[in-house]
Trainee: 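Take this structure first; my questions come after.
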Amino acid sequence: MPEAIVQTVARFGFLALLWLFVFLAVRTVTKDLLLQRRPATAPVGASGAAPGGSGKQKQKRSKTPAVAQWLVVTTGALAGQRFPLTGQPISIGRARDSTIVINDDFASSHHARIAPVEGQWMVEDLGSTNGTYLGREKVTRPTPVPIGVPIRIGRSSFELRP
């Protein structure tokens, strides 16, 4: 009789651990999917207002377009950090020789490069495993980066800011 009780308790304990594992796995997958599913933000004009209002009119009247001065980390482990755009290429990846080192399992050692080309900042994927995204589009060739459009590398996002 005591053997049957021990066996029953062991079965329920195993079943409880199995359900706990399933719950944690579903929660982790859901959390990762929600991090990647960031709503698209409306482009911001020079005055900080969304297009369609007075900010757009002010931007049209402006003779010089906004020039990117900073690369800002908007999400990820380095969120909030700003890197000055000095006219030199910026490499991003897990390797120690990268300009911006991100500790992210979804980033490659040499993941992407942001460099000025003919007065425009371009993002280029360096053959990464998980890809580089500009807005919602995967980067397959050097692509111009508009101010305020997120560049996503793994769990980190970057934006050019004036």
Side-chain angles (χ1 to χ4, degrees), residues 23-162:
F23 171 74
L24 291 175
V26 168
R27 190 179 88 181
T28 301
V29 169
T30 304
K31 185 191 252 185
D32 285 347
L33 289 175
L34 289 176
L35 279 176
Q36 290 180 359
R37 194 176 191 193
R38 188 172 171 217
T41 56
V44 176
S47 67
S54 61
K56 187 174 184 180
Q57 293 169 352
K58 287 181 185 177
Q59 188 176 14
K60 277 185 179 178
R61 280 187 241 149
S62 174
K63 293 182 182 179
T64 58
V67 177
Q69 302 283 328
W70 299 95
L71 179 65
V72 179
V73 184
T74 56
T75 62
L78 301 175
Q81 290 195 22
R82 297 168 19 139
F83 298 90
L85 299 174
T86 60
Q88 298 297 315
I90 297 172
S91 60
I92 303 171
R94 289 192 340 243
R96 290 179 182 242
D97 63 340
S98 297
T99 310
I100 301 174
V101 178
I102 53 176
N103 295 319
D104 186 338
D105 293 338
F106 295 103
S108 298
S109 296
H110 297 95
H111 196 101
R113 175 180 25 239
I114 300 171
V117 177
E118 298 176 5
Q120 172 91 36
W121 286 94
M122 307 283 272
V123 63
E124 176 183 9
D125 186 82
L126 300 176
S128 67
T129 304
N130 293 316
T132 302
Y133 291 83
L134 179 61
R136 293 182 179 218
E137 300 294 320
K138 188 170 186 175
V139 175
T140 56
R141 57 185 170 75
T143 306
V145 182
I147 292 177
V149 175
I151 302 165
R152 188 168 48 86
I153 296 173
R155 290 189 177 120
S156 299
S157 293
F158 306 82
E159 288 182 12
L160 295 181
R161 301 266 175 91

Trainee: Which donor-acceptor pairs under 3.5 Å do side chains of residues 80-95 form with protein atoms, sequence neighbours excluded?
Mentor:
unit_1: Ser91; atom_1: OG; unit_2: Thr99; atom_2: N; d: 2.9
unit_1: Ser91; atom_1: OG; unit_2: Thr99; atom_2: OG1; d: 3.3
unit_1: Arg94; atom_1: NH1; unit_2: Ala107; atom_2: O; d: 2.4

Trainee: Could you list the donor-acceptor pairs under 3.5 angstrom formed by side chains in residues 125-132, with sequence neighbours left out?
Mentor:
unit_1: Asp125; atom_1: OD1; unit_2: Ser128; atom_2: OG; d: 2.6
unit_1: Asp125; atom_1: OD1; unit_2: Thr132; atom_2: N; d: 3.3
unit_1: Asp125; atom_1: OD1; unit_2: Thr132; atom_2: OG1; d: 2.5
unit_1: Asp125; atom_1: OD2; unit_2: Gly127; atom_2: N; d: 3.0
unit_1: Asp125; atom_1: OD2; unit_2: Ser128; atom_2: N; d: 3.0
unit_1: Asp125; atom_1: OD2; unit_2: Ser128; atom_2: OG; d: 3.3
unit_1: Ser128; atom_1: OG; unit_2: His111; atom_2: NE2; d: 3.3
unit_1: Ser128; atom_1: OG; unit_2: Gly131; atom_2: N; d: 3.0
unit_1: Asn130; atom_1: ND2; unit_2: Phe106; atom_2: O; d: 3.1
unit_1: Thr132; atom_1: OG1; unit_2: His111; atom_2: NE2; d: 3.2

Trainee: Between CZ of Arg152 and CZ of Arg136, what distance do you get to the nearest 0.5 Å?
Mentor: 10.0 Å

Trainee: Locate the shortest heavy-atom distance separating Pro116 from Trp121; write the atom from each residue and the value.
Mentor: CD-CZ3, 3.3 Å

Trainee: Give a yes or no answer on whether the side chain of Thr75 reaches the backbone of Ser157 with a donor-acceptor pair at less than 3.5 Å.
Mentor: yes

Trainee: Can you tell me how far apart CZ (Arg161) and CG (Leu71) are? Round to the nearest 0.5 Å.
Mentor: 10.0 Å

Trainee: Tell me which pairs pass salt bridge (charged side-chain N to carboxylate O under 4.0 Å, His left out) where either residue lies in residues 68-81, with sequence neighbours left out.
Mentor: none

Trainee: Just jot down the side chain to side chain donor-acceptor pair (under 3.5 Å) partners of Asp97, sequence neighbours excluded, or say none.
Mentor: His110

Trainee: Under the side chain to side chain contact (heavy atoms under 4.5 Å, CB included) test, which residues partner Gln69, sequence neighbours left out?
Mentor: Val67

Trainee: Just distance, no hydrogens or angles: give the donor-acceptor pairs under 3.5 Å from side chains in residues 140-149, sequence neighbours left out.
Mentor:
unit_1: Thr143; atom_1: OG1; unit_2: Arg141; atom_2: O; d: 2.7

Trainee: With sequence neighbours left out, write down each residue that passes side chain to side chain contact (heavy atoms under 4.5 Å, CB included) with Ser156, or none if nothing qualifies.
Mentor: Ile102, Asp104, Phe158

